[in-house]
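Comments concern the structure below.
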Protein chains: 2
Amino acid sequence: MATAFKTSASTRDRMIEEARALFAERGFYGVSIAQIAAELGLTKQALLHHFGTKERLYGLVLEQIAGELAGLKASSEPGTDAARQLQDWLVAMISDTPPRIERSRLLMREILDNQVRAERAGSWYLKPFLGELVTMLRGVPGWSGASDAQLRATVVQLLGAVNYHAVSGPTFRGIFGTEAAQAMNDIFASQLRHMVHAVLAAGPEA
Amino acid sequence: MATAFKTSASTRDRMIEEARALFAERGFYGVSIAQIAAELGLTKQALLHHFGTKERLYGLVLEQIAGELAGLKASSEPGTDAARQLQDWLVAMISDTPPRIERSRLLMREILDNQVRAERAGSWYLKPFLGELVTMLRGVPGWSGASDAQLRATVVQLLGAVNYHAVSGPTFRGIFGTEAAQAMNDIFASQLRHMVHAVLAAGPEA
DNA sequence: GAATCCCCTTACCGGTTGGTAGGGACGTTG
DNA sequence: CAACGTCCCTACCAACCGGTAAGGGGATTC
């Protein structure tokens, strides 16, 4: 039939998409499955039919995000040097598109919350990602001699610089106004690239 | 009486203290007033007696934190140059003591959540703080010519680098183990100082 | 055309939420 | 000793939470 192309995202996919947006906005405890379903014109039992529990739905959103993070690395051209690759990777994490902002916000929330419900072990989704960042940083000229602790601390600081922006966006818009926030938004990526370069070029502490 | 010195923090103060710890750990929606009260061996009605609503209690915690942030600036010696003052201020935000970690975590949560319940306007607590950081950055040699957007973007990036650590601490402990997390903790402050120096010395993007 | 499966519904469950009503123990003040 | 304010309690409320049970409509399969 004619639906072969349009394929109009399955209900299940739309549920995950909506859940991702709402979890990012209000957090796991701040959203009820009934609200997610209502946003799609359905009842919460439709959600439970597909995912069984709220936790499982949340886990699938997290899985999707972990997959995206892994995919980001491949987007960097293989010929470039380690410093440039790392720079590209970090900058690729941000951007204005809603799914990416949601990703940063959800990641921040997961990091904040997962100690509470650590049994779900959502944090392990991040482990390979962090490991690769550390490995890549070690390959940057001047950083090969740094300790693991130094490399990890630096990676954390860089991730913070990258993700804080997406998280604080709405607050800054409220404080400085829409147009000022937009101006900051426009130059954020290039300023971030500049900053990462400065940090990498300086090397670890002596 | 003999209680003049000990003064054993009033119930009200202990409530705010406990609320601060729990809100930082689990977020506004993740904690019930009954849980806060139970932690002190009281019932939730004791809390409601003192604060009326959960929101008001949360607001008082936020107020306390805003006061601390304002006080941090004064701790820097007045004789030093702008770059050093900014460095000192940012480094002063972190540290291992529980109240400071709570502060970073709570601030991050507030930034994440306040778009949802913006009417409470908790974000405005941050406005003077951010304004002062921007002003101070403009005073750093090489940065006087930067645009407002550049200054703000850089401040956001630096704040992210500072606060992400406190937020991600427990998750990293889970991933890398206690001793590795401790090692990272031990060098974090000096590595952060080094990083801030590198960013300030590089100046804004041309 | 009967059976089956998929998707989603209404109805309901026990438990928890923030908040209200009212009272009792205690110290202070007249 | 009576009145009062402070502080905290038990009892209760409607609303909402995540999840279970059971069934109906519609397409597919035999």
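No hydrogens, no waters, no symmetry mates; every other heavy atom, side chains included, goes into these values. Quick note on labels: first sequence line is chain A, next is B, and so on, each numbered from 1.
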Check: Can you tell if the side chain of A:R109 reaches within under 4.5 Å of the side chain of A:R105, non-hydrogen atoms only?
Finding: yes
Margin query: Test of understanding: with side chain to side chain donor-acceptor pair (under 3.5 Å), list the residues that count as partners of A:R103, not counting sequence neighbours.
Written below: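 So A:R103 forms a side chain to side chain donor-acceptor pair (under 3.5 Å) with A:E68.
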Figure out the [atom1]/[atom2] separation between [X] and [N], and round it to whole Å.
X     : N      : atom1 : atom2 : answer
A:I33 : D:dC16 : CD1   : P     : 15 Å
A:L48 : D:dT20 : CG    : C1'   : 9 Å
A:F28 : D:dC17 : CZ    : P     : 13 Å
B:L57 : C:dT17 : CG    : C1'   : 16 Å
B:I36 : C:dT16 : CD1   : P     : 17 Å
A:K54 : C:dT16 : NZ    : P     : 16 Å
B:F51 : C:dT20 : CZ    : C1'   : 19 Å
B:L47 : C:dT17 : CG    : C1'   : 14 Å

Checklist line | A:R26 to B:Y29, cation-pi by 6.0 Å centre distance and 45° axis angle | finding: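 Geometry flag: not set, cation outside 6.0 Å or 45°.
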Next item on the list: Under the salt bridge (charged side-chain N to carboxylate O under 4.0 Å, His left out) rule, collect the residues that match up with A:D186, sequence neighbours excluded.
Entry: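 For A:D186, no residue satisfies salt bridge (charged side-chain N to carboxylate O under 4.0 Å, His left out) once neighbours in sequence are set aside.
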Show me the protein contacts with nucleotides 5-15 of chain D, counting only N or O atoms at under 3.5 Å.
from   : atom 1 : to    : atom 2 : distance (Å)
D:dC8  : OP1    : B:T11 : OG1    : 3.2
D:dC8  : OP2    : B:H50 : NE2    : 2.7
D:dC9  : OP2    : B:T43 : N      : 3.0
D:dC9  : OP2    : B:T43 : OG1    : 2.6
D:dA11 : N6     : B:Q45 : NE2    : 3.0

Margin query: Between A:Q35 and D:dC16, is there a contact of a side-chain N or O with OP1 or OP2 at under 4.0 Å?
Written below: no
Next item on the list: Mind checking the NZ-CG spacing from A:K54 to A:L48? Nearest 0.5 Å is all I need.
Entry: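 Going from NZ on A:K54 over to CG on A:L48, the span is 11.0 Å.
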Note to self: Once you measure the plane-to-plane angle for B:F23 and B:F28, does it fall in the parallel (<30°), tilted (30-60°) or perpendicular (>60°) bin?
What the structure shows: parallel
